[in-house]
Novice: 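Supplied in structure tokens, the structure appears directly below.
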Amino acid sequence: MNNLNSTIVSETVLDEIVENHKGKPGMLLSTLEKAQEANPLKYLPRETLSDVSKKLNIPLTQVYSVATFYSFFNLKPQGKHSIIVCRGTACHTKGSRALLSQVGQILGFRYGEEDDEASYTTPDNEFTIKTVACFGQCAQSPVIAVDNVIYSNINSLKLIEVIKKIQGKKIKV
Ligand code: FES
């Protein structure tokens, strides 16, 4: 369990980030981006959004709108590793739903039909699993990204290999 204080960007660090971006074009986006990077769990807690609002003199509703509009901002703690499964039409027809379920099976949770767009972080904070509408690589579907590396034409066996490699386990097939 993480101590709440350890998941919030310190006042000093946030002041420094704001100082570097205040008054510049795109200051809100850049500040949120750097604040997220500085957070050990790679997300923007409510406290950080509120602090950014005060320090940049931007209404909190506007800060929230930006943080929720862009998919690269996380409002929940993120795992050390990320697995993103494409759920676009091309990938869907090549079995991405089954891949998503398989990720769940390997990491010990169940991805229900209704959770298709949900993100899930394992209790040990090792993995965050998300979906995306399209990676723009439909010709190589199905496509997933693991720790920002794209794996195209992925199949069940390759998926197990990639995850087990991260987990440092031997693969038994
Ligand atoms: S639908 Fe998956 S990459 Fe386009």
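Indexing begins at 1, ligand by ligand and atom by atom, following the structure's order.
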Novice: Could you give all pairs that pass the salt bridge (Lys or Arg N to Asp or Glu O under 4.0 Å) test and reach residues 17-30, with sequence neighbours left out?
Specialist: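 Qualifying pairs, neighbours excluded: none.
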
Novice: Give me the protein N, O or S atoms that fall under 2.8 Å of atom 2 (Fe) of ligand 1, sorted by chain and residue number.
Specialist: C86 SG, C91 SG

Novice: When you check the side-chain N and O atoms of R87 and H92, is any donor under 3.5 Å from an acceptor?
Specialist: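 Yes, because at least one side-chain N or O of R87 sits under 3.5 Å from a partner of the opposite role on H92.
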
Novice: For S156, which residues count as a side-chain hydrogen bond (donor to acceptor under 3.5 Å, both in side chains) partner, sequence neighbours excluded?
Specialist: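 S156 satisfies side-chain hydrogen bond (donor to acceptor under 3.5 Å, both in side chains) with Q102 only.
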
Novice: Does N148 have more than 12 heavy atoms from other residues, nucleotides or ligands lying within 6.0 Å of its CG?
Specialist: no

Novice: Tell me whether the count of non-hydrogen atoms from other residues, nucleotides or ligands lying under 6.0 Å of NZ in K158 goes above 12.
Specialist: yes

Novice: Which residue pairs pass the salt bridge (Lys or Arg N to Asp or Glu O under 4.0 Å) test when at least one of the two sits in residues 50-68, sequence neighbours left out?
Specialist: E11-K55, D15-K55

